[in-house]
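Working notes for the structure below.
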Amino acid sequence: PQGLMDTARRLLEGALDLDTGSPHSTSQELVLYIAYLCARIENAAMFLLAKEREGTLRGVVLSQETKATLAKGAQALQGLLRGREQSMLAVLKSWLGDVTAEIAKISFCPMTGPPVDKKNGDDDDDDD
(Lines give C-alpha, C1' and ligand atoms only; values in the text may rest on other atoms or scores of the structure.)
Protein backbone atom coordinates (compact mmCIF):
# COMPACT_ATOMS: atom_id res chain seq x y z
CA PRO A 1 0.00 0.00 0.00
CA GLN A 2 3.01 2.34 0.29
CA GLY A 3 2.98 3.16 -3.42
CA LEU A 4 -0.76 3.87 -3.44
CA MET A 5 -0.68 6.06 -0.35
CA ASP A 6 2.34 8.05 -1.55
CA THR A 7 0.84 8.53 -5.00
CA ALA A 8 -2.50 9.65 -3.57
CA ARG A 9 -0.73 12.15 -1.31
CA ARG A 10 1.30 13.56 -4.21
CA LEU A 11 -1.82 13.80 -6.39
CA LEU A 12 -3.67 15.69 -3.68
CA GLU A 13 -0.75 18.06 -3.10
CA GLY A 14 -0.69 18.70 -6.85
CA ALA A 15 -4.43 19.33 -6.90
CA LEU A 16 -4.08 21.89 -4.12
CA ASP A 17 -1.34 23.59 -6.14
CA LEU A 18 -3.65 23.67 -9.19
CA ASP A 19 -6.31 25.63 -7.33
CA THR A 20 -6.53 29.15 -8.72
CA GLY A 21 -8.96 30.31 -6.04
CA SER A 22 -11.86 30.35 -8.48
CA PRO A 23 -14.60 27.74 -8.74
CA HIS A 24 -14.76 28.58 -12.46
CA SER A 25 -11.17 27.70 -13.36
CA THR A 26 -10.41 25.15 -16.05
CA SER A 27 -8.69 22.94 -13.48
CA GLN A 28 -11.73 22.78 -11.20
CA GLU A 29 -12.99 19.41 -12.47
CA LEU A 30 -9.56 17.81 -12.10
CA VAL A 31 -9.15 19.20 -8.58
CA LEU A 32 -12.55 17.82 -7.57
CA TYR A 33 -11.88 14.42 -9.12
CA ILE A 34 -8.54 14.07 -7.32
CA ALA A 35 -10.15 15.15 -4.03
CA TYR A 36 -12.88 12.53 -4.53
CA LEU A 37 -10.36 9.81 -5.41
CA CYS A 38 -8.12 10.57 -2.44
CA ALA A 39 -11.08 10.73 -0.05
CA ARG A 40 -12.09 7.24 -1.23
CA ILE A 41 -8.55 5.93 -0.71
CA GLU A 42 -8.38 7.45 2.78
CA ASN A 43 -11.81 5.99 3.60
CA ALA A 44 -10.80 2.52 2.37
CA ALA A 45 -7.61 2.60 4.45
CA MET A 46 -9.52 3.64 7.56
CA PHE A 47 -12.14 0.93 6.90
CA LEU A 48 -9.45 -1.76 6.63
CA LEU A 49 -7.79 -0.60 9.84
CA ALA A 50 -11.10 -0.48 11.73
CA LYS A 51 -12.21 -3.91 10.54
CA GLU A 52 -8.79 -5.37 11.34
CA ARG A 53 -9.04 -4.02 14.90
CA GLU A 54 -12.51 -5.56 15.21
CA GLY A 55 -11.24 -8.84 13.81
CA THR A 56 -13.90 -8.89 11.10
CA LEU A 57 -11.79 -8.94 7.94
CA ARG A 58 -12.83 -12.53 7.12
CA GLY A 59 -9.48 -14.18 6.85
CA VAL A 60 -7.48 -11.18 5.67
CA VAL A 61 -4.45 -10.58 7.86
CA LEU A 62 -2.67 -7.24 7.78
CA SER A 63 0.97 -7.21 8.78
CA GLN A 64 2.20 -4.64 11.26
CA GLU A 65 4.06 -2.93 8.42
CA THR A 66 0.89 -2.75 6.28
CA LYS A 67 -1.14 -1.39 9.18
CA ALA A 68 1.52 1.27 9.87
CA THR A 69 1.65 2.22 6.18
CA LEU A 70 -2.14 2.51 5.94
CA ALA A 71 -2.36 4.53 9.16
CA LYS A 72 0.43 6.91 8.15
CA GLY A 73 -0.96 7.33 4.63
CA ALA A 74 -4.50 7.90 5.84
CA GLN A 75 -3.27 10.50 8.33
CA ALA A 76 -1.39 12.35 5.58
CA LEU A 77 -4.47 12.31 3.33
CA GLN A 78 -6.69 13.49 6.19
CA GLY A 79 -4.41 16.46 6.74
CA LEU A 80 -4.49 17.43 3.08
CA LEU A 81 -8.22 16.84 2.75
CA ARG A 82 -9.45 18.61 5.86
CA GLY A 83 -6.80 19.18 8.49
CA ARG A 84 -4.53 22.03 7.59
CA GLU A 85 -5.06 25.65 6.63
CA GLN A 86 -4.29 24.82 3.00
CA SER A 87 -6.58 21.81 2.67
CA MET A 88 -9.15 20.67 0.18
CA LEU A 89 -11.85 21.58 2.69
CA ALA A 90 -10.55 25.17 2.76
CA VAL A 91 -10.55 25.25 -1.06
CA LEU A 92 -14.13 23.97 -1.24
CA LYS A 93 -15.30 26.44 1.42
CA SER A 94 -13.70 29.26 -0.56
CA TRP A 95 -15.36 28.11 -3.77
CA LEU A 96 -18.71 27.80 -2.01
CA GLY A 97 -18.37 31.33 -0.66
CA ASP A 98 -17.65 32.66 -4.15
CA VAL A 99 -20.60 30.85 -5.73
CA THR A 100 -22.92 31.86 -2.88
CA ALA A 101 -21.91 35.51 -3.33
CA GLU A 102 -22.56 35.27 -7.07
CA ILE A 103 -26.00 33.78 -6.50
CA ALA A 104 -26.83 36.44 -3.93
CA LYS A 105 -26.23 39.13 -6.57
CA ILE A 106 -28.96 37.69 -8.75
CA SER A 107 -32.62 37.79 -7.90
CA PHE A 108 -35.14 35.83 -9.94
CA CYS A 109 -38.84 35.39 -9.55
CA PRO A 110 -40.83 33.44 -12.17
CA MET A 111 -43.81 35.75 -11.62
CA THR A 112 -41.96 39.02 -12.19
CA GLY A 113 -39.60 38.17 -15.03
CA PRO A 114 -35.96 37.52 -15.79
CA PRO A 115 -33.12 37.65 -13.28
CA VAL A 116 -32.09 41.11 -12.18
CA ASP A 117 -28.51 41.88 -11.27
CA LYS A 118 -28.83 43.69 -7.92
CA LYS A 119 -25.40 45.23 -8.42
CA ASN A 120 -26.31 47.37 -11.44
CA GLY A 121 -30.08 46.85 -11.68
CA ASP A 122 -29.86 45.38 -15.18
CA ASP A 123 -31.88 42.36 -16.23
CA ASP A 124 -30.60 39.59 -18.44
CA ASP A 125 -32.73 40.49 -21.47
CA ASP A 126 -30.70 41.66 -24.43
CA ASP A 127 -33.56 43.65 -25.95
CA ASP A 128 -32.54 47.07 -24.61
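Throughout, residue positions are numbered sequentially from 1 according to the sequence presented.
- Between the NZ atom of Lys51 and the CG atom of Leu57 there is a distance of 8.5 Å, given to the nearest 0.5 Å.
- Rounding to the nearest 0.5 angstrom, the gap separating the CG atom in Leu77 from the CG atom in Asn43 is 11.0 Å.
- Closest of all the heavy-atom pairs between Met88 and Ala15 is CE-CB, 4.3 Å.
- Contact of the Leu32 side chain with the Leu92 side chain is registered, since non-hydrogen atoms from C-beta on lie closer than 4.5 Å.
- Between Val91 and the choices Leu18, Leu96, Asp19, the side-chain contact (heavy atoms from CB on, under 4.5 Å) rule is met once, by Asp19.
- Judged by distance alone, with hydrogens and angles left aside, the side-chain atoms of Thr69 form a donor-acceptor pair with the main-chain N or O of Glu65 at under 3.5 Å.
- Once rounded to the nearest 0.5 Å, the distance linking CE of Met46 with CD1 of Ile41 reads 14.5 Å.
- Contact check on Glu13 versus Arg10 returns no salt bridge, with no Lys/Arg side-chain nitrogen under 4.0 Å from an Asp/Glu carboxylate oxygen.
- Annotation: side chain of Gln64 is in contact with side chain of Lys67 (closest heavy-atom distance under 4.5 Å).
- Closest approach of Ser94 and Gly21 over heavy atoms only: OG-O, 4.3 Å.
- The closest side-chain donor-acceptor pair between Thr66 and Ser63 falls under 3.5 angstrom.
- For Gly79 against Ser87, the heavy-atom pair with the smallest separation is O-CB, 3.9 Å.
- Leu80 and Tyr36 are members of different hydrophobic clusters when ILVMFWY side chains are connected at heavy-atom separations under 4.5 Å.
- Under the 4.5 Å side-chain heavy-atom criterion for Ile, Leu, Val, Met, Phe, Trp and Tyr, Leu89 and Val31 are members of distinct hydrophobic clusters.
- Considering only heavy atoms from C-beta on, Ile34 comes within 4.5 Å of Leu12 through its side chain.
- Heavy atoms only, all atoms of each residue included: Val99 and Pro23 are closest at CG2-CG, 3.7 Å.
- Inter-residue side-chain proximity for Glu42 and Gln78 is flagged as met; some heavy-atom pair is nearer than 4.5 Å.
- Residues Gln86 and Asp17 form a side-chain contact, since some pair of their non-hydrogen atoms from C-beta on lies under 4.5 Å apart.
- In the model, Ser25 has a side-chain atom that pairs as donor or acceptor with a side-chain atom of Ser27 under 3.5 Å.
- A pairwise comparison of heavy atoms in Met5 and Gly73 identifies CE-C, 3.3 Å as the closest pair.
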